[in-house]
Amino acid sequence: MDKILVTGGLGFIGSHTVVELQNEGFEVIIIDDLSNSSINVLDGITAITGKTPIFEKLDLKDKARVESFFAKHDDIKGVIHFAASKAVGESVQEPLLYYENNIATLVYILKELKKMPEANFIFSSSCTVYGQADELPITENAPVKKAESPYGNTKQIGEEIIKDTCKIAPKLKAISLRYFNPVGAHESVNIGELPIGVPQNLVPFITQTAIGLREQLSVFGDDYPTQDGTCVRDYIHVVDVAKAHVVALERLLKNENKSNYETFNLGTGKGSSVLEVIQSFEKVSGKKLNYKIVGRREGDVISAYADTTKANKELGWKTKLSLDDAMLSAWKWEQKVRYSTE
Ligand code: WQD
């Protein structure tokens with residue numbers, strides 16, 4: 001049974017990916033520093049799959065600890081690297097925290113992978129690298145634009161670091177997965193998104209407003225050149241995102257990759273406006289959402305949604321779950337989290 005390391009494996013996308021890896025028969029070891037996740041997520045994973053992943057609390061900024069981890073686990077066949085800080089707004093206020101936590105840690109991991117006779121690496125990237133694309137839907141060939149935030153910059157720099165390393169380390173095979181907007185929760189309602197503090201992202205803010213934790217959702221602008229004036233994004237169910245990671249890893253393990261560095265967009269291929277997301281939520285939850293239109297948010301792009309041709313054709317992967325599925329699962333998860341903590 002191949003052993004796979006998942007860094008940030010107790011996080012939102014990481015935990016859903018651990019479940020899918022275990023479902024596929026992989027042995028999973030998780031590293032997480034618990035700075036933006038909870039150890040209880042381990043129980044959620046076990047409740048779904050019946051298997052508890054090996055877990056090590058480890059701060060990847062500690063180079064010596066990273067070295068000794070890989071020395072101890074010299075049978076790791078692949079690494080899926082989620083561990084990173086990911087709040088766009090926070091990254092503007094704390095750029096050095098982001099450059100250290102998102103870049104230095106990546107370098108330490110790649111140094112270890114370079115020592116291996118063969119290494120398979122999946123990198124958590126983001127459609128943020130495209131900025132406001134000139135053409136929609138967005139393909140993997142769209143130009144990477146100057147990042148709007150240090151967070152986005154760390155994803156761009158991260159991809160460059162991996163690409164440069166793959167050039168001099170032919171035994172290192174890597175794939176960057178550029179997520180559009182992952183949303184929703186596992187259908188079992190045992191794992192989901194656990195934003196700490198006031199949610200920055202749309203969907204957790206919607207569910208927290210509906211459950212009464214937040215007074216009202218502010219919709220950041222309705223004067224954009226889109227169908228209803230609100231921004232458009234490609235909201236992809238987190239379980240579809242998780243499954244894509246397993247498919248990408250298997251591509252590398254089976255040496256089916258076309259080169260030792262590849263990138264794939266992970267999206268549904270469909271754009272949804274903020275108002276359409278709200279309408280979807282109201283439909284599946286039966287709740288009327290309290291929201292108001294306010295001014296635009298600094299740094300928001302008008303519209304971003306994926307051209308999924310490359311992932312569909314080369315990974316043989318496509319999304320199976322809808323926006324309604326995502327909104328219903330997010331709502332069920334919100335109710336579970338709130339009512340179980342009362
Ligand atoms: C979506 C839309 C907002 C909150 C970011 C990162 C991306 C990824 C996902 C980490 C926008 C609007 C939001 C609210 C609103 N992060 N909105 N009211 O900005 O597309 O992507 O998060 O991996 O890398 O860039 O996602 O959910 O913040 O916003 O109107 O309270 O919802 O203006 O149009 P975004 P988001």
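Everything quoted here is computed from the prediction, not taken from an experiment. All ligand and atom numbering here is 1-based and tracks the order in the structure.
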- Query: Do the numbers put Arg296 on top of the ring of Tyr224, so that NZ or CZ is under 6.0 Å from the six-membered ring centre and no more than 45° off the axis?
  - Reply: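 Positive - Arg296 is close enough to the ring of Tyr224 and near enough to its axis.
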- Tyr151: heavy atom below 4.0 Å from ligand 1, yes or no? yes
- Task: Could you name the option among Asn181, Val219, Asp222, Val301 that has the heavy atom nearest to atom 26 (O) of ligand 1?
- Result: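 Nearest heavy atom to atom 26 (O) of ligand 1 lies in Asn181.
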- Tyr291, Phe220, Phe205: member with heavy atom nearest to atom 30 (O) of ligand 1: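 Checking each option, the heavy atom nearest atom 30 (O) of ligand 1 is found in Phe220.
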- Message: I want to know if ligand 1 touches Val274 in the polar sense, i.e. an N/O pair below 3.5 angstrom.
- Response: no
- Item | ligand 1 versus Ser218: contacting region, heavy-atom distance under 4.0 Å | backbone
- Query: Any idea which part of Thr128 is under 4.0 Å from ligand 1, heavy-atom wise: side chain, backbone, both or neither?
  - Reply: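 Side chain only.
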- To which protein heavy atom is atom 19 (O) of ligand 1 closest, and what is the distance rounded to 0.1 Å? Arg297 NH2, 2.9 Å
- Query: Which residue holds the protein heavy atom closest to atom 20 (O) of ligand 1, what is that atom called, and what is the gap in Å?
  - Reply: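 In this structure, atom 20 (O) of ligand 1 has Arg233 NE, 2.6 Å as its nearest protein heavy atom.
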- Item | Minimum-distance pair of heavy atoms, taken over all atoms of Ile162 and Leu110 | CG1-CD1, 4.1 Å
- How are the rings of His186 and His16 set relative to one another: parallel (under 30°), tilted (30 to 60°) or perpendicular (over 60°)?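 Rings of His186 and His16: tilted, 30 to 60°.
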- Message: Which label fits Phe281 and Trp331: parallel for a plane angle under 30°, tilted from 30 to 60°, or perpendicular past 60°?
- Response: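 Because their plane-to-plane angle is over 60°, the rings of Phe281 and Trp331 count as perpendicular.
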